[in-house]
Trainee: 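Attaching a single structure in structure tokens format; questions to follow.
None of the values given here were measured: they were computed from a predicted structure. In what follows, every chain begins at residue 1, and chains take the letters A, B, ... in the order their sequences are listed.
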Amino acid sequence: MEENLHRVSRSPDVGTHNQNDSVAEDNRRRRHYNHHTHGVQAKDSADWNAVDDLDFEILNFHSSPSNADDDMDFEIVNFHSSPSSPSPVVTNDEPLRLPIPMLGLGVPNEQLFVTQRSLPELARGPPYFYYENVVLAPWETISRHLYDVAPEFVDSSFICAAARERGYVHNLPISNRYLIQPPPKHTIQEVLPLTKNWWPTWDTRTKLNCIFTVNASSQLTNRIRSALEASRGEPPEEIKRYVIEQCKKWNLIWVGQNKAVPLEVNEIETLMGFPIYHTRGGGGISRAERLKSLSNSFQVDTLAYHLSVLKPLFPDGINVLSLFTGIGGGEMALHRLQIPMKTVVSVEFSQANKYILRDFWERTNQKGVLIEFEDVQDLTKDIIVELMKQFGGFDIVIGGSPCNNLAGGNRVTPNGLEGEQSLMFYEYCRVLNVVRQTAKEMRRS
DNA sequence: GCAATGATGACGTCCCCG
DNA sequence: CGGGGACGTCATCATTGC
């Protein structure tokens, strides 16, 4: 398989090691990074962004709500790349630091804004790429395979009512981003107003945790209700602690007196930025499949915020290569941004997800062409080149590769980036390289 | 009856923070 | 240093559907 080439070229020792060694290596590296996480976080993340020697301007806004125009007190901080790391390239020894809070290059209504960044030469210019994965992925390796572009780490709880910590590696412009309207509600109680009637005062949650594939059982709801009914009035601290713990663990919401239940499918659809019934796909898709597909999806508002910079660049529409499409979070973002999709070439293994995307495509009366592939390995170099000649090239390659072997919940096959599903990352790289290389050749001729 | 689908609970490790 | 949180997988029953 071709991704072996990537793996062998990754570093001299990996090809001969088994998976456990590779995981151990990643763990060792992560511990090493963790050692460096103390200190000024903003500076750290800026340094990691500083893949060449240009400085960064970070604006910290402290605007007072009364007279925001006059009283705007902002400081411009110039961070220089550390003299101890003269190499402009992200290497194994370069520490990975997660920004705290996880605001990426800035999100609406928050104080941190990075107004410009410099990309490595190889990463600059179209076609654009946008790659996503979980925050605990081995980003130093991922970044190295994506032209050394530093990931943008964003927690979607700054944009919607559910947490979703993700890293996004992309070469998009970053100025003049905007949210699609209407902006998502920021709290659980706003998104699900009926819960307000039943939400106990001692449950102080306003945000949901990350949405997973696993679902709480109805037994748990019964256990919680029994525990609360046993005490009339204010429950004792011990009961409260137990209930809160379970609510957080299973993302429960209050829908009745002492009734804490798991989220319904259409509630998750709303939280993830999809219209309700998006994953119904015209029927025939089980509830379990819908929940799983949703938990694996993009948060659409977050994605659209990043992609919004494309709107003025492609007034006539855009050609999209969508890898690991899933339920079409990228397509939904572009659709809600009203960026016409002239062509979408989609790669998706799951039959249910293909139904969902096809149903979305038809239901929203898309004028463009939708071409589907099942296996990313069918997207050979020849086929990619042929598609590009047919449509005049792709404008963006978008996708989040599988995280099964990287996710914290996986206790069976936590094999890291070389795991059976997660190594699909290297296929994203392969395809992206072909697309960017071919685009370069097409421009020359 | 049988197969397909749903429900349930057990399972470990990393990272961060207070 | 201990607690909480993270795009999950599997075997085992129970239920549904033909």
Side-chain angles (χ1 to χ4, degrees), chain A residues 20 23-39 41 44 95-102 131-139 153-157 162-168 204-205 207-223 241-242 244-251 261-263 265 268 271-273 279 284-300 302-303 324-327 329-330 350 352-353 399-417 419-422 424-425:
Chain A
N20 286 337
V23 173
E25 187 202 344
D26 275 345
N27 290 342
R28 180 198 57 76
R29 210 182 301 153
R30 202 167 285 140
R31 279 194 299 277
H32 173 67
Y33 295 143
N34 197 27
H35 181 65
H36 292 267
T37 51
H38 307 290
Q41 293 292 344
D44 287 347
L96 166 66
R97 292 111 168 184
L98 297 176
I100 312 285
M102 205 170 281
Y131 173 81
E132 176 258 16
N133 214 322
V134 292
V135 77
L136 282 178
W139 286 104
F153 294 106
V154 182
D155 182 350
S156 289
S157 71
R164 207 165 185 78
E165 296 179 324
R166 293 292 182 274
Y168 304 92
T204 56
R205 290 176 302 152
K207 303 274 185 185
L208 290 160
N209 284 333
C210 189
I211 288 161
F212 292 121
T213 55
V214 285
N215 223 12
S217 65
S218 56
Q219 299 302 316
L220 180 59
T221 296
N222 293 333
R223 281 199 292 272
R241 243 198 332 262
Y242 163 74
I244 295 287
E245 184 193 323
Q246 295 298 314
C247 284
K248 285 182 177 173
K249 183 176 176 184
W250 295 102
N251 252 350
V261 304
L263 293 160
V265 174
I268 299 179
L271 285 161
M272 298 295 284
T279 58
I285 298 171
S286 73
R287 175 187 149 81
E289 274 178 309
R290 294 175 68 184
L291 288 170
K292 184 174 178 185
S293 293
L294 275 165
S295 80
N296 292 336
S297 170
F298 288 122
Q299 205 287 324
V300 174
T302 309
L303 186 64
F324 320 111
T325 304
I327 60 174
S350 151
N353 287 347
S401 62
C403 71
N404 307 38
N405 313 109
L406 311 169
N410 189 345
R411 290 129 186 230
V412 182
T413 51
N415 307 342
L417 205 55
E420 187 184 349
Q421 289 86 25
S422 292
M424 287 296 158
F425 161 70

Trainee: Report which part of the nucleic acid A:Glu132 touches: base, sugar-phosphate, or nothing (heavy-atom distance under 4.0 Å, all strands).
Mentor: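 Base contact - A:Glu132 has a heavy atom under 4.0 Å of at least one base atom.
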Trainee: Scan A:Lys248 against the nucleic acid and name what it touches under 4.0 Å (heavy atoms): base, sugar-phosphate only, or nothing.
Mentor: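 Sugar-phosphate contact only - A:Lys248 comes under 4.0 Å of backbone atoms but never of a base.
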Trainee: To the nearest Å, how far apart are A:Asn410 CG and B:dT13 P?
Mentor: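 Computing the A:Asn410:CG to B:dT13:P distance gives 13 Å.
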Trainee: Atom CG of A:Asn251 to atom P of C:dC7: distance rounded to whole Å?
Mentor: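 Roughly 12 Å, once rounded to whole Å.
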Trainee: Do you see a donor-acceptor pair shorter than 3.5 Å between the side chains of A:Arg164 and A:Ser156?
Mentor: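 A:Ser156 and A:Arg164 do not have a side-chain donor-acceptor pair below 3.5 Å.
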Trainee: Can you measure A:Asn405 atom CG to C:dA6 atom P for me and round it to whole angstrom units?
Mentor: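 Rounded to the whole Å, the gap is 19 Å.
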Trainee: Please report, rounded to the nearest Å, how far the C1' atom of B:dT8 is from the CD atom of A:Gln246.
Mentor: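 Interatomic distance, CD of A:Gln246 to C1' of B:dT8: 14 Å.
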Trainee: Quick check for you: among B:dT8, C:dA6, C:dT9, whose closest atom lies nearest to any side-chain atom of A:Ser217?
Mentor: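 Between B:dT8, C:dA6, C:dT9, the one nearest the side chain of A:Ser217 would be B:dT8.
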Trainee: Is there a side-chain contact between A:Asn133 and A:Phe425, using heavy atoms and a 4.5 Å cut-off?
Mentor: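 Not touching, per the 4.5 Å side-chain cut-off.
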Trainee: When you compare the side chains of A:Thr413 and A:Asn415, does any donor N or O come within less than 3.5 Å of an acceptor on the partner?
Mentor: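 Short answer, no.
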Trainee: Find the distance A:Leu136:CG to C:dC7:P and express it as a whole number of Å.
Mentor: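 Whole-Å distance recorded here is 7 Å.
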Trainee: Within this structure, what is the CG-to-P distance between A:Leu208 and C:dC7, rounded to whole angstrom?
Mentor: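 For the pair A:Leu208 CG and C:dC7 P, the rounded distance is 15 Å.
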Trainee: Give one of base, sugar-phosphate or nothing for A:Ser218, where a contact means two heavy atoms less than 4.0 Å apart.
Mentor: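 Sugar-phosphate, backbone atoms only, no base.
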Trainee: So what does A:Gly400 hit on the nucleic acid, given a heavy-atom distance under 4.0 Å: a base, only sugar-phosphate, or nothing?
Mentor: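 The answer is base, as A:Gly400 lies within the cut-off (heavy atoms under 4.0 Å) of a base atom.
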Trainee: What's the closest nucleotide to the A:Thr213 side chain, out of C:dA6, C:dT9, C:dG8?
Mentor: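 Selected nucleotide: C:dG8.
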Trainee: Quick one: does A:Asn251's side chain have a donor or acceptor within less than 3.5 Å of a partner on A:Asn209's backbone?
Mentor: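 Such a contact is found between A:Asn251 side chain and A:Asn209 backbone.
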Trainee: Mark yes or no for a side-chain to base donor-acceptor pair under 3.5 Å between A:Arg166 and C:dC7, with no hydrogen or angle criteria applied.
Mentor: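 When only heavy-atom distances are counted, A:Arg166 does reach the base of C:dC7 through a donor-acceptor pair under 3.5 Å.
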Trainee: How do A:Trp250 and A:Glu289 order along DNA chain B: which one's closest nucleotide is nearer the 5' end?
Mentor: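 Of the two residues, A:Glu289 wins.
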Trainee: Please report, rounded to the nearest Å, how far the P atom of C:dC7 is from the CE atom of A:Met272.
Mentor: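 Rounded to the whole Å, the gap is 11 Å.
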Trainee: Applying a 4.0 Å non-hydrogen cut-off, can you work out what A:Arg205 is touching in the nucleic acid: base, sugar-phosphate, or nothing?
Mentor: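 Contact class for A:Arg205: none.
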Trainee: To check you understand the geometry: which heavy-atom pair defines the closest contact between A:Met424 and A:Phe324, and what is its length?
Mentor: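 The pair with the smallest heavy-atom distance is O-CZ, 3.5 Å.
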Trainee: Can you measure A:Glu420 atom CD to C:dC7 atom P for me and round it to whole angstrom units?
Mentor: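 A:Glu420 atom CD is separated from C:dC7 atom P by 20 Å.
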